[in-house]
Amino acid sequence: MKKLPLEGVRIADLTMMWAGPYATRILAEMGAEVIKIESPRAWDNIRTLIPQPDAPEPWNSSFYFNYYNRDKKSLTLDLAQERGRQVFLSLVAHCDVVIENYRADVLDKLRLGYEVLRAARPDIILVSMAGFGKTGPERDNVGFGPIIEQMAGMTSLTGYGGPESEPTKTGISYGDPVAGIAAVGAVALGLIQRRKTGAGCFIDLAQRETMAAMIGEAFVAQSLRSEGPLHYGNRSPRFAPQGVYQMQGEEQWIAVSVRSDDEWRALATTIGAGDLAGLRFAERLARHDEIDGRISGWAASQLPREAMETLQAAGVPAGRVLDTKEIHDDPNLVARGYWVRLPHPRMHSWRQPASAWRLVEANPQLRRHAPLFGEHNREILGGLLRLPDEEIAALEAAGIIADAPVNPGVG
Amino acid sequence: MDDSQLSLAGVRVLEIGGGIAAAYATRWMAGFGADVVRSEGADGELTGDEEVYLVAGKRRVAADSAELRRLALAADIVVEDQAPGALAATAMGPLDLRAERPALVVVSLTPFGQTGPYAGYKATNIVAHAMGGIMSLTGAADRPPLVNGGSQAFYLAGLNGFSAALTAYFGALVHGEGDWLDISAQECAAGMTELYAPRTEYMDLPAGLRSGNHISAVWGIYPLADGFGGVCALARQIPAFFRVVGDPDLQEERFADPMQRLANDDELRARLYAWFATKTKRDLLELGPAHKVPFGAVMTPADLLANESLAERHFFDEIATAGRPPAPVLPREGGEGRGEGRVRAPGRPFLGLPWRGGDLHEPGADTEAVRRDWLGGLA
């Protein structure tokens with residue numbers, strides 16, 4: 001069987017919440033051995049963010065946690081205790097990469113900064129993912145994805161348009177996964193660099209910066225022509241008509257976008273607006289309200305999937321606005337085998353996404369559910385680090401390792 | 001700095017097609033030292049502003065399909081965003097290229113993937129975004145789903161393309177074999193809906209829908225005295241947040257207790273609207289780190305171009321536009337007559353590895369030089 005690209009790479013994963021764990025989920029999908037390290041006193045909040053009043057071990061059965069932490073191993077270790085810190089450093093000696101998304105000052109406060117890690121493993125690659133980076137006057141700002149999105153300019157560009165238009169946040173904490181995906185590239189780049197030079201590196205990734213890079217052309221417009229954000233809603237300055245239209249059924253919508261006169265003729269014919277089929281781009285832009293009315297009138301009586309297929313067959317770019325239920329039954333995703341089920345000892349069967357990175361030949365597969373809290377303590381401490389049983393027992397007695405969080409409440 | 005010190009020095013990358021997805025995937029590769037050669041796609045695929053941002057630092061060639069095939073076989077990484085099957089139609093099928101050059105990494109970026117019933121579907125950004133799930137969650141509950149600003153479906157595919165390409169390239173260095181990566185914008189988005197799709201699926205609940213600018217009173221955006229800003233406070237940060245607000249009523253159990261707070265969300269939100277209205281962006285950005293409360297301000301590109309932190313971190317590149325400043329998609333009043341000189345746009349995405357900015361070349365300007373460097377001068 002063909003090897004995955006990161007087989008043989010071991011990663012010490014100190015990340016929590018979403019940005020970092022999303023990165024390490026992808027790294028694990030690509031074959032890396034990812035060891036997730038949580039303290040019994042400061043575990044990944046995602047385990048307990050959603051209340052599960054009836055669950056006996058809610059920290060092990062969170063759908064939210066499981067979604068983003070599969071294919072990883074769990075080691076509990078209290079890094080605030082000196083012995084826990086020493087054990088961590090002995091683990092680092094066996095790792096290629098350390099990755100963390102603490103607040104900017106935390107790793108140094110734990111006395112685990114880059115120079116300390118490098119003393120344990122001279123060619124270690126450290127990837128830090130603080131919201132605003134490790135340097136600069138805003139390094140101490142605290143932020144989650146929606147804050148990152150605001151602070152990166154993204155939110156300023158999104159809005160319904162019109163005189164009362166307000167900047168609008170993305171419906172998810174968009175800054176998190178964007179930083180996570182970029183962090184995987186940073187890890188790969190660090191590995192490539194190390195292979196070439198033999199030296200590790202310290203990568204300081206600011207989540208705000210990877211988010212701002214997703215709207216680069218807005219900075220060009222601002223710096224070149226002093227053009228600030230303009231809310232187009234669902235319309236476009238390039239394509240007309242373009243919009244989102246309500247279909248038959250509750251909360252059923254379709255996005256339609258016309259790039260050319262030919263596509264417009266096809267759309268106009270399909271929706272029974274042949275009288276407008278000769279309109280050119282500038283006219284369509286000028287008469288957008290009227291055209292929207294015609295499309296909406298047609299759409300209201302159409303079923304969304306059938307309408308999408310009809311429009312696409314006519315050569316018109318159109319797609320359903322898939323919601324979080326329908327997306328699991330989308331024929332394209334289903335046909336591509338995107339949704340898979342992973343058995344879990346504490347959870348019922350459910351569908352999770354496969355890797356979005358389809359290596360056609362190596363064909364990455366999900367291997368294992370997210371780890372139970374401290375599930376791999378003995379494997380890592382006794383196996384990889386060769387700690388004797390009595391020392392592992394002493395760590396447990398001191399609360400440095402555990403198989404359940406201390407005082408788990410709602411995160 | 002000597003360019004040979006760049007992480008990707010000596011790595012050859014061929015970009016084919018050149019829409020946002022492929023161009024963004026290769027942009028950071030150029031900055032980290034790869035020799036990125038761009039073969040142009042259809043006219044007008046990128047706006048002028050996108051071209052400046054995404055093509056700077058690359059060499060640009062005009063090549064027919066036979067020459068393009070030879071360039072692909074001389075490359076380490078090929079990134080393309082043409083329609084499925086388009087490469088194969090010009091004798092450049094990814095698996096055929098890989099058979100000839102096993103170490104080659106080919107990354108194909110499309111809206112819906114190389115296979116499946118929608119593989120041939122046409123998509124602009126909004127169509128691809130709609131099919132990825134995030135759009136259903138964005139916007140107000142009483143209004144239609146809202147597309148993000150910019151071209152996020154394609155940028156997201158490009159970002160995945162960058163990281164996936166380098167991961168596969170590292171695998172090729174170690175294991176000796178590359179791969180063909182079939183990456184779809186739909187799948188990139190469908191697996192990153194935060195807790196919403198997993199909650200719907202695992203708990204068998206109705207679909208999660210739009211909540212506008214507020215998930216709850218303590219997780220949302222509010223009007224400020226000089227714009228907009230917000231707070232995203234987890235349970236552990238709420239005591240500090242309420243102390244900053246200074247309203248003694250917020251110490252009451254109905255706001256302090258997580259479940260009661262949700263039941264009283266409307267009242268809490270009204271109180272917070274009043275408090276935020278008295279604050280400026282600067283106020284919030286000073287209060288946040290001082291009290292370890294996750295405050296943010298809705299910053300514009302102009303704000304960020306003047307931001308001290310980004311300046312200290314050397315985030316922006318300056319790009320020369322070859323004396324050909326880009327025209328806006330739709331001219332705006334008062335916006336014309338500018339555009340000479342250098343552009344500032346996001347550059348190095350993270351610190352720690354050397355980076356080089358680059359300027360914008362004319363289409364086809366580097367054809368002869370690339371022939372010489374990659375093909376030994378043979379046309």
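Below, chains carry the letters A, B, ... as their sequence lines are ordered, and counting in each starts from 1. Worth saying up front: this structure is predicted, and the values here are computed from it rather than measured.
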- prompt: Quick one: does B:E187's side chain get under 4.5 Å of A:W357's, heavy atoms only?
  reply: no

field: Toward chain B, the part of A:H348 with a non-hydrogen atom under 4.5 Å
entry: both

statement: Okay, A:P177 and chain B: the region with an atom under 4.5 Å from a heavy atom over there is side chain

message: Counting heavy-atom pairs closer than 4.5 Å to chain A, which one of B:V174, B:L6, B:D303, B:V231 comes out on top?
response: B:V174

task: Determine, stepwise, if the pair B:S309 / A:R208 fulfils side chain to side chain contact (heavy atoms under 4.5 Å, CB included).
output: CA-CA 11 Å; B:S309 204; A:R208 189 247 291 264; 4.1 Å; yes

query: Side chain, backbone, both or neither: which part of B:S211 has an atom under 4.5 Å from a heavy atom of chain A?
result: neither

- line: Turns out that what part of B:F295 lies under 4.5 Å from chain A's heavy atoms comes down to backbone

- prompt: Would you call the rings of A:Y22 and A:W18 parallel, tilted or perpendicular, where under 30° means parallel and over 60° means perpendicular?
  reply: perpendicular

query: Of the listed residues (B:G296, B:G150, B:P144, B:P289), which shares the most heavy-atom pairs with chain A below a 4.5 Å separation?
result: B:P144

- prompt: If you count heavy-atom pairs under 4.5 Å with chain B, which of A:Q193, A:Q246, A:E263 comes out on top?
  reply: A:Q193

field: B:H291/B:Q237 under side chain to side chain contact (heavy atoms under 4.5 Å, CB included): CA gap, chis, key distance, verdict
entry: CA-CA 9 Å; B:H291 298 273; B:Q237 292 150 338; over 6 Å; no

field: Top contributor to chain B contacts, counting heavy-atom pairs under 4.5 Å, from A:M151, A:E138, A:R320
entry: A:M151

- request: Examine whether an atom of A:A354 lies under 4.5 Å from a heavy atom of chain B, and if so say whether it belongs to the side chain, the backbone or both; otherwise answer neither.
  value: neither

query: With chain B, which of A:W339, A:F202, A:Y338 has the greatest number of heavy-atom pairs at distances under 4.5 Å?
result: A:Y338

message: Does any backbone or side-chain atom of A:V9 lie under 4.5 Å from a heavy atom of chain B? Answer side chain, backbone, both or neither.
response: side chain

message: Given heavy-atom pairs under 4.5 angstrom as the criterion, report whether the side chain, backbone, both or neither of B:A123 touches chain A.
response: backbone

task: Measure B:R199 against the heavy atoms of chain A and call it side chain, backbone, both or neither at under 4.5 Å.
output: both

- prompt: Quick one: does A:V321's side chain get under 4.5 Å of A:V244's, heavy atoms only?
  reply: yes

query: Does B:R143 make a cation-pi contact with A:Y160, if we ask for NZ or CZ under 6.0 Å from the ring centre and within 45° of the axis?
result: yes

Option in B:T138, B:L351, B:D179, B:V127 with maximal non-hydrogen atom pairs under 4.5 Å from chain A: B:D179

- prompt: For A:Q222 and B:L305, what are the C-alpha separation, side-chain angles and deciding distance, and is it a side chain to side chain contact (heavy atoms under 4.5 Å, CB included)?
  reply: CA-CA 9 Å; A:Q222 178 63 50; B:L305 285 164; 3.5 Å; yes

query: What part of B:F315 is in contact with chain A, defined as an atom under 4.5 angstrom from a non-hydrogen atom: side chain, backbone, both or neither?
result: side chain

message: Counting only non-hydrogen atoms closer than 4.5 Å, does A:E326 touch chain B with its backbone (N, CA, C, O), its side chain (CB onward), both, or neither?
response: neither

message: Heavy-atom cut-off 4.5 Å, strictly under: side chain, backbone, both or neither for B:L353 against chain A?
response: side chain

message: Less than 4.5 Å to any heavy atom of chain B: does that hold for the side chain of A:R194, its backbone, both, or neither?
response: neither

field: Heavy-atom proximity to chain B below 4.5 Å, by part of A:E209
entry: both

- prompt: Checking side-chain hydrogen bond (donor to acceptor under 3.5 Å, both in side chains) for the pair A:Q352/A:N66: CA distance, chi angles, key distance, verdict?
  reply: CA-CA 9 Å; A:Q352 299 185 47; A:N66 270 271; 5.8 Å; no

Under 4.5 Å from a heavy atom of chain B, the part of A:L285 involved: side chain

query: Where on B:Y202 is there a heavy atom nearer than 4.5 Å to chain A: the side chain, the backbone, both, or neither?
result: both

query: Which heavy atom of A:A356 sits nearest a heavy atom of B:I183, and at what distance?
result: O-CG1, 3.9 Å

query: Which answer fits B:M203, side chain, backbone, both or neither, if we ask what part of it has an atom under 4.5 Å from a heavy atom of chain A?
result: side chain

task: Go through the atoms of A:A218 and report whether side chain, backbone, both or neither lie under 4.5 Å from a heavy atom of chain B.
output: both

- prompt: Would you say the side chain of A:E309 lies within less than 4.5 Å of the side chain of B:Y118, judging by non-hydrogen atoms?
  reply: yes

query: Within 45° of the six-membered ring axis of B:F316 and under 6.0 Å from that ring's centre, is NZ or CZ of B:R344 located there?
result: yes

query: Which one of A:G31, A:A183, A:G133 has the most heavy-atom pairs closer than 4.5 Å to chain B?
result: A:G133

- prompt: With chain B, which of A:G180, A:G145, A:A318, A:G243 has the greatest number of heavy-atom pairs at distances under 4.5 Å?
  reply: A:A318

task: Apply the test side chain to side chain contact (heavy atoms under 4.5 Å, CB included) to residues B:D204 and A:W350: give CA-CA distance (whole Å), side-chain angles for both, the deciding distance (0.1 Å), then the verdict.
output: CA-CA 9 Å; B:D204 196 21; A:W350 59 309; over 6 Å; no

- prompt: In terms of heavy-atom proximity below 4.5 Å to chain B, should A:R238 be classed as side chain, backbone, both, or neither?
  reply: both

task: Decide yes or no on side-chain hydrogen bond (donor to acceptor under 3.5 Å, both in side chains) for A:Q150 and A:T155, but give the supporting numbers first.
output: CA-CA 5 Å; A:Q150 291 173 44; A:T155 307; 5.7 Å; no

- request: For the residue pair B:W219 and A:F144, categorise the inter-ring angle as parallel (less than 30°), tilted (30 to 60°) or perpendicular (more than 60°).
  value: parallel

task: Taking the six-membered ring for Trp and the single ring otherwise, decide whether the centroids of B:F350 and B:F32 are under 6.0 Å apart.
output: yes

- line: One option among B:G10, B:G133, B:G288, B:G227 has the most heavy-atom pairs under 4.5 Å with chain A, and it is B:G133

message: Just so I understand: if I count every heavy-atom pair under 4.5 Å between each of B:V105, B:D182, B:T200 and chain A, which residue has the most?
response: B:D182

- prompt: In terms of heavy-atom proximity below 4.5 Å to chain B, should A:Y245 be classed as side chain, backbone, both, or neither?
  reply: neither

task: Can you tell which part of A:I327 gets under 4.5 Å to a heavy atom of chain B, answering side chain, backbone, both or neither?
output: side chain

task: Decide yes or no on side-chain hydrogen bond (donor to acceptor under 3.5 Å, both in side chains) for A:D204 and A:S128, but give the supporting numbers first.
output: CA-CA 5 Å; A:D204 171 11; A:S128 290; over 6 Å; no

field: Pairs of heavy atoms under 4.5 Å with chain A: top-ranked of B:G208, B:G230, B:G212, B:A190
entry: B:A190

- prompt: More than 12 heavy atoms of other residues, nucleotides or ligands under 6.0 Å from NZ of A:K3: is that the case?
  reply: no

statement: Turns out that what part of B:A172 lies under 4.5 Å from chain A's heavy atoms comes down to neither

message: Counting only non-hydrogen atoms closer than 4.5 Å, does A:R351 touch chain B with its backbone (N, CA, C, O), its side chain (CB onward), both, or neither?
response: both

field: Structural part of B:V11 lying under 4.5 Å from a heavy atom of chain A
entry: neither

- prompt: For B:L205, is it the side chain, the backbone, both or neither that has a heavy atom under 4.5 Å from a heavy atom of chain A?
  reply: backbone

query: Can you say whether A:N141 sits under 4.5 Å from chain B via the side chain, the backbone, both, or neither, judging by heavy atoms?
result: both

task: Verify side-chain hydrogen bond (donor to acceptor under 3.5 Å, both in side chains) between A:D330 and B:Q186, making sure each step is shown before the conclusion.
output: CA-CA 11 Å; A:D330 174 66; B:Q186 184 186 29; 3.1 Å; yes

